[in-house]
Student: 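One structure, pasted below without further comment.
Protein chains get the first letters and strands the later ones, always in sequence-line order, with residue 1 at the start of each.
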Amino acid sequence: MTRVDPLLQRKIEAARARRVDAPPEWSQAATTLMRFVMDHHRACMDRDRSAKKLAYLNLPTVPEPFYALDMIPYVPEAYLGFIASINFSPRYLDEAAAMGVSRDACTFCNNGVGALAKGDLPHPDIVCGTMFTLCEVQGKAFEATAELEDVPFELFHLPADPTAEGALEFTVAELKHLVAALEQLSGNTMTRDGLYTALERSNRAYSAFLRFMELRKRARLPISGSQAFFFYYPIYSYLGDQERTIAFYEGLCRDLDDVQAPPAPPDRPPIRLLNAGHYFPIHDRSLLDDLEQHGVTFVSEFFSRLYYEQAQISEDSTLEELYVALARRCLALPTLGTLQSRVQSVGELGTGYEADGAVIFLPWGCRLLSSEVYAKAEHLRKLGIPTLTLDCDPLDATKYSRATVQNRLDAFIEMLRERKLERAT
Amino acid sequence: MTLRIGYNCGYTPIELIHAAGCLPVRMLGTDDPSSFTLAEAYTHHNVCPLVKGVMAQTIDCDDFDAVITAATCDGMRGAADNVEHFELLPVLAAIDVPRHVGRESHLRYLAAQLQGLRRRLGEHTGSEVTDDALRASIALYNRLRAGLRSLRDAMGATAFYTLVHRALTEDPEDVLVEVEAAASSEPRSGQRKVRVALLGSCMMGGDYELLDILDRTGSVVVADLLSGGSQLFERDVPTDTGDTDLVEVLARHYWRGTHRARNYPLSIREDAVRELVATHRPHALIHNTLKFCDSYLYDAVHMKRLADELGLPYLALETECQAADSGQLTTRVECFLEGVSP
């Protein structure tokens with residue numbers, strides 16, 4: 001059976017208890033999410049290693065070939081994000097530092113390396129890293145992970161410029177390299193039907209996820225902003241079960257259709273915030289929950305755009321056409337391409353979700369966002385969306401002051417509320 | 001007047017720029033802290049000093065007519081994005097350097113981009129980059145490479161790497177005259193203690209603190225695998241390639257001959273270190289990473305393991321190109337060298 005650290009077990013139970021006590025108007029699907037994440041994690045920890053092969057992959061790479069080859073795609077980030085949110089990261093960061101990894105490297109990647117070294121992640125049979133989907137550092141951390149576990153490392157390079165000549169052909173070639181490596185490891189052969197089924201299911205999951213994102217445009221939503229962050233976990237890699245992922249998002253949408261949030265008091269209008277930065281604030285859920293108590297909700301995130309584009313397939317698609325469709329979906333990732341396109345994307349989210357303000361959460365180790373922060377902030381301000389850039393790395397207690405972050409957020413929100421009341425009158 | 005083309009990455013074939021009648025100028029940043037402040041108008045402070053240095057060189061700067069950028073890490077990609085987004089300078093090309101050194105499709109992808117660069121250089125200058133011009137540029141830079149190779153033992157570390165950086169930023173014909181004159185002089189004499197090999201991130205322009213310390217302690221830098229170091233001149237660009245397209249020759253030379261932490265597989269870099277150790281017999285390895293350079297921060301762990309395996313003392317440094325860390329750096333390096341037996 002899975003060996004679970006007693007302290008971790010207590011923290012999980014405490015977090016689960018909080019879910020049970022959640023206000024009744026909140027979505028029921030929210031209460032099932034943690035179970036979904038943990039079920040998947042435990043199944044991976046307990047699996048028979050001689051049966052299905054388990055592959056690490058970094059989001060938002062391409063989980064479909066893994067399902068088509070009857071493998072288990074495991075995205076450590078989903079579990080690590082959850083673990084981080086219950087303040088369990090410091091011990092992993094210490095472990096990574098003890099291995100010689102600098103504390104100046106990305107804390108999230110260090111978190112993963114430390115967790116694996118501690119034995120709190122399942123052992124992979126192969127590690128598959130993608131470049132330029134989110135960042136290069138993930139690829140390096142995965143390379144270190146493969147070294148640590150002495151398993152093959154498969155690199156999947158996505159072109160930085162998806163419009164470049166030959167980018168599509170290059171991506172298709174990369175997919176085929178990946179599939180060849182997976183076939184060799186799993187002993188299974190990629191079939192047209194297998195890949196079609198996996199893509200058709202992921203399209204349905206994307207579709208339900210998009211509907212959820214549309215519902216978040218409502219004035220008030222019966223889920224908290226901090227919960228909404230967590231609803232990304234299944235779409236990363238479908239947590240080992242594509243059908244359960246589809247059912248989860250469809251259930252979530254039904255909940256949101258059925259349940260109405262209570263109206264806000266007129267003298268205290270709700271504040272809608274766009275997270276134009278990193279996911280990292282989810283790692284201090286108490287901070288987000290406190291904001292929620294004050295009527296502040298995060299209504300959308302830049303990274304949601306990673307899951308907007310479905311694979312264009314039909315029942316007549318050949319295997320080659322399915323590879324091309326998957327490659328096109330990869331190339332549609334907003335993290336590729338020009339800074340201008342990402343800046344515009346953030347602006348569209350800000351206006352589309354009628355955000356009162358935007359916060360760019362900037363974790364210590366994220367070089368990609370660090371380079372983009374001013375261009376995005378400038379654009380949002382031009383659109384009339386006040387923007388706060390916040391250095392914020394709740395994973396690492398040595399670099400995070402809750403009071404300082406709260407103080408800056410409070411001041412920003414106070415300004416937004418005054419502005420909103422003024423406009424209303 | 002010769003057009004000055006800035007480039008930010010060692011994968012850029014300088015021969016191609018030179019053959020277009022332009023002067024290739026490697027953007028290596030400076031150790032001037034005020035340049036970092038300038039860059040922080042566009043990028044957050046927690047990116048590496050080299051990225052900030054490169055950014056600073058593109059802001060309010062008359063040094064370059066255009067730049068060629070390369071996405072070699074998140075920071076550099078961000079810097080390139082900002083140059084384009086804020087229209088700081090005309091961008092002739094943004095090279096997406098593929099990572100898998102053993103994969104032929106990656107080489108073809110890079111070669112295709114360099115063909116595009118050749119076309120754009122021609123459009124920018126108004127005259128096509130001919131094969132003859134390219135052959136002449138390759139020959140010139142090969143002479144420079146040979147000259148630099150012969151100089152390592154004749155100069156102190158700071159003087160030597162200053163010359164390497166000048167070869168990357170100044171008129172190659174002018175530097176070649178100096179290099180060939182220096183090569184004919186007597187080898188350096190004096191007390192020599194520890195033979196050191198340097199690994200790690202790019203050495204920034206003017207940031208020679210570590211080299212100064214090594215010179216002061218009488219140590220000798222016998223080899224390096226630094227980004228922006230000896231790899232640039234260790235091997236000549238092949239000239240006996242028959243009918244092979246010259247741009248493809250350049251693509252293969254730069255891609256396979258340049259060992260960067262971001263490249264895969266790791267075994268290639270490890271083999272390069274083994275070869276370096278076997279050839280140059282250093283007494284110790286020093287791995288210097290620029291602060292916030294994630295690729296090398298992760299590589300430093302692998303290299304420590306390799307140094308242990310090779311039985312070599314190993315020092316991992318993280319530097320920020322700030323005068324403030326000078327004292328600490330001196331103490332650490334001197335303490336380390338005290339414990340190394342020549």
Side-chain angles (χ1 to χ4, degrees), chain A residues 96 99-106 109-110 113 129 131-132 134-137 139-141 143-144 146-148 153-161 164-167 169-170 173-174 176-177 337-340 342-343 360 362-375 378 389 391, chain B residues 40-48 51 55 70-86 94-100 103-106 108-109 112-113 115-116 261-266 289 291-305 316 318 320:
Chain A
M99 291 166 65
V101 184
S102 169
R103 281 188 179 272
D104 283 332
C106 169
C109 291
N110 285 359
V113 172
M131 310 312 302
F132 288 136
L134 286 180
C135 63
E136 286 246 331
V137 187
K140 283 302 292 181
E143 187 184 40
E147 275 283 302
L148 199 64
F153 174 60
E154 191 60 33
L155 183 82
F156 184 78
H157 185 116
L158 276 170
D161 178 6
E165 196 181 323
E169 294 75 13
F170 179 77
E174 286 291 281
K176 288 179 177 175
H177 272 291
T338 61
L339 175 56
Q340 181 63 27
R342 289 189 288 285
V343 162
I360 302 180
L362 197 58
W364 185 252
C366 188
R367 315 296 167 223
L368 191 63
L369 282 177
S370 296
S371 308
E372 302 186 343
V373 61
Y374 296 116
E378 184 190 69
T389 302
D391 285 10
Chain B
E40 283 164 14
Y42 294 91
T43 190
H44 198 263
H45 60 81
N46 64 351
V47 295
C48 90
V51 169
M55 275 299 298
T72 48
C73 67
D74 293 327
M76 272 305 174
R77 182 186 170 204
D81 280 347
N82 276 306
V83 171
E84 197 161 17
H85 182 78
F86 290 105
I95 303 172
D96 177 14
V97 184
R99 290 182 79 240
H100 202 308
R103 201 172 278 174
E104 200 60 24
S105 58
H106 283 219
R108 286 199 303 275
Y109 180 61
Q113 293 180 73
Q115 296 287 10
R262 69 184 290 277
N263 280 5
Y264 178 76
L266 176 64
T289 311
K291 195 175 176 70
F292 303 127
C293 176
D294 297 279
S295 297
Y296 281 98
L297 288 176
Y298 273 101
D299 240 34
V301 183
H302 296 303
M303 292 305 156
K304 166 80 172 82
R305 203 175 303 144
E318 208 175 321
E320 205 175 4

Student: Does a salt bridge link A:Glu147 with B:Arg305, judged by any charged N lying under 4.0 Å from a carboxylate O?
Tutor: yes

Student: Quick one: what part of A:Glu169 sits under 4.5 Å from any heavy atom of chain B, side chain, backbone, both or neither?
Tutor: neither

Student: Which region of B:Glu104, side chain (C-beta onward) or backbone (N, CA, C, O), has a non-hydrogen atom less than 4.5 Å from a non-hydrogen atom of chain A, or is it both or neither?
Tutor: neither

Student: Will you find, in the side chains of A:Thr338 and B:Glu84, an N or O donor that is under 3.5 Å from an N or O acceptor?
Tutor: no

Student: Need one label for B:Ala94: side chain, backbone, both or neither, based on atoms under 4.5 Å from any heavy atom in chain A.
Tutor: neither

Student: Using non-hydrogen atoms and a 4.5 Å limit, figure out which bit of A:Leu362 sits close to chain B: side chain, backbone, both or neither.
Tutor: side chain

Student: For A:Ala141, is it the side chain, the backbone, both, or neither that has a heavy atom closer than 4.5 Å to a heavy atom of chain B?
Tutor: both

Student: Name all residues meeting the ring-ring contact (aromatic ring centres under 6.0 Å, His included) criterion together with A:Phe153; count only those two or more places apart in sequence or in a different chain, and write none if there are none.
Tutor: B:Tyr264

Student: Measure distances from A:Val373 to the heavy atoms of chain B and classify the residue's part below 4.5 Å as side chain, backbone, both or neither.
Tutor: side chain

Student: Flag the pair A:Arg367 and B:Asp294 as a salt bridge only when some basic side-chain nitrogen lies within less than 4.0 angstrom of an acidic carboxylate oxygen.
Tutor: yes

Student: Which heavy atom of A:His177 sits nearest to which heavy atom of B:Ser105, and what is that distance?
Tutor: NE2-OG, 4.0 Å

Student: Is B:Asp74 close to A:Ser371 at the side-chain level, that is, under 4.5 Å between some pair of heavy atoms?
Tutor: no

Student: Name all residues meeting the ring-ring contact (aromatic ring centres under 6.0 Å, His included) criterion together with A:Phe170; count only those two or more places apart in sequence or in a different chain, and write none if there are none.
Tutor: A:His157, B:His106, B:Tyr109

Student: Assess the residue pair B:Arg103 and A:Glu154 against the criterion (salt bridge (Lys or Arg N to Asp or Glu O under 4.0 Å)); give the C-alpha distance rounded to whole Å, side-chain angles, the decisive distance to 0.1 Å, and a yes or no.
Tutor: CA-CA 12 Å; B:Arg103 201 172 278 174; A:Glu154 191 60 33; 2.9 Å; yes

Student: Check each atom of B:His85 against the heavy atoms of chain A and say whether the ones under 4.5 Å are side chain, backbone, both or neither.
Tutor: side chain

Student: At their closest point, which heavy atom of A:Leu339 faces which heavy atom of B:Asn82, and how far apart are they?
Tutor: CD2-OD1, 3.5 Å

Student: What part of A:Asp391 gets within 4.5 angstrom of chain B, counting heavy atoms only: side chain, backbone, both, or neither?
Tutor: side chain

Student: Can A:Ser370 and B:Phe292 be said to form a side-chain contact (heavy atoms from CB on, under 4.5 Å), step by step?
Tutor: CA-CA 11 Å; A:Ser370 296; B:Phe292 303 127; over 6 Å; no

